[in-house]
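Atoms considered below: every heavy atom in the structure, side chains included; atoms not considered: hydrogens, waters and symmetry mates. Every chain is numbered from 1, with letters handed out A, B, ... down the list of sequences.
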Amino acid sequence: MIIRTFHPWNVSYQQAVTIQEELRNRIVLDLPFPTPNYVAGVDVSTSKTLSIGWAAVVVLSFPELRVVEQRWAEGTITFPYIPGLLSFREIPLVCKAIEQLSIEPDVFLCDGQGLAHPRRMGIATHLGVIINKPTVGCAKSRLIGTHEEVGSKKGAYTPLMDKKEVIGAVLRTRQGVKPVFVSPGYGISLKVARTLVLSCVTKYRIPEPIRAAHNLVTLLRNSREAGQNHTLYSCS
DNA sequence: GCGACAG
DNA sequence: ATCTTGTCGC
């Protein structure tokens, strides 16, 4: 996939916020979105000590949910984790992985928020604006917004509200576990985003594409940082 | 001023 | 996100 970045990543906190406010005007939610053939999952893992990280994008066929392509990238992580500015920390590396794709996914599921963000610029939305492809935010916890209790059955959901605006859905993907926070990233409606996430869930809380990407980055990190652990074990 | 706060 | 063991429940 060809990616054209139109803003710098090495920026200050204030510059990052300004960029988000500018990019907000480029959000589109009504791109054509037929039933997808390929759904990608995106995730990033960071080193516990060094300032490096790994990004992975895994493409699954839909609705079979079989892995058909996976790409990854290793690189320096410079931007700190600041709630609300996650995209400035993770997207540069994510783009390095996405660039290598030979298949062009119909939609990308991201581990984080989309519109459910103070400036409507969660990592999923930011990524979508950059690659001009449909994206969905699927976070494991809340950044902003309020909501009622969610039903206990798989598929139950309740709107996530910011003031009087619906910014996402709190979705129960499995009985007996915490719900996930789904919000449109880019080029997709909340309803379609929510049903897509549910369609990508099998027996786990997290939808398969994101799970696959998370497994890959975890594998990469472990294989790269195994050295210290092996030293500890060999002492006994 | 204080608390909350994706990954 | 990362650290970190066993343990309780479907």
Is the distance from OP1 or OP2 of dG7(B) to the nearest side-chain N or O of Thr46(A) less than 4.0 Å? no
Could you tell me whether the side chain of Gln20(A) reaches within less than 4.5 Å of the side chain of Leu85(A), counting heavy atoms only? yes
Less than 4.0 angstrom between a side-chain N/O of Lys140(A) and OP1 or OP2 of dG7(B), yes or no? yes
Does the side chain of Arg142(A) get closer than 4.0 angstrom to OP1 or OP2 of dA6(B) through an N or O atom? no
Between dT2(C) (P) and Trp54(A) (CH2): distance, integer Å: 9 Å
Round to a whole Å and report the spacing from CZ of Arg174(A) to C1' of dC10(C). 8 Å
Nearest-Å distance, CG (Asn215(A)) to C1' (dA1(C))? 16 Å
How is Gly176(A) classified with respect to the nucleic acid when contacts are heavy atoms under 4.0 Å: base, sugar-phosphate, or nothing? nothing
So what does Leu85(A) touch, heavy atoms closer than 4.0 Å: a base, only the sugar-phosphate, or nothing? base
Can you tell me if Arg221(A) touches the phosphate of dT2(C), counting only side-chain N or O atoms and a distance under 4.0 Å to OP1 or OP2? yes
Over how many whole Å does the gap from Phe79(A) atom CZ to dA6(B) atom P extend? 15 Å
By the 4.0 Å heavy-atom rule, please label Ser47(A) as base, sugar-phosphate, or nothing. nothing
Please state how far atom CG in Leu109(A) lies from atom P in dG7(B), giving the value in whole angstrom units. 15 Å
Nearest-Å distance for atom pair CD/P, residues Glu90(A) and dA6(B): 12 Å
4.5 Å side-chain heavy-atom contact, Leu109(A) and Cys138(A): no
Arg120(A) side chain near Asp162(A) side chain, heavy-atom distance below 4.5 Å: yes
Please classify the nucleic acid contact of Ile144(A) as base, sugar-phosphate, or nothing, using heavy-atom distances under 4.0 Å. nothing
By the 4.0 Å heavy-atom rule, please label His214(A) as base, sugar-phosphate, or nothing. sugar-phosphate
Between the side chains of Glu208(A) and Arg211(A), is the shortest nitrogen-to-carboxylate-oxygen separation below 4.0 Å, so that they form an ion pair? yes
Tyr81(A) vs Thr46(A) side-chain heavy atoms within contact, under 4.5 Å: no
Separation of atom CZ in Phe181(A) from atom P in dC5(B), rounded to whole Å: 10 Å
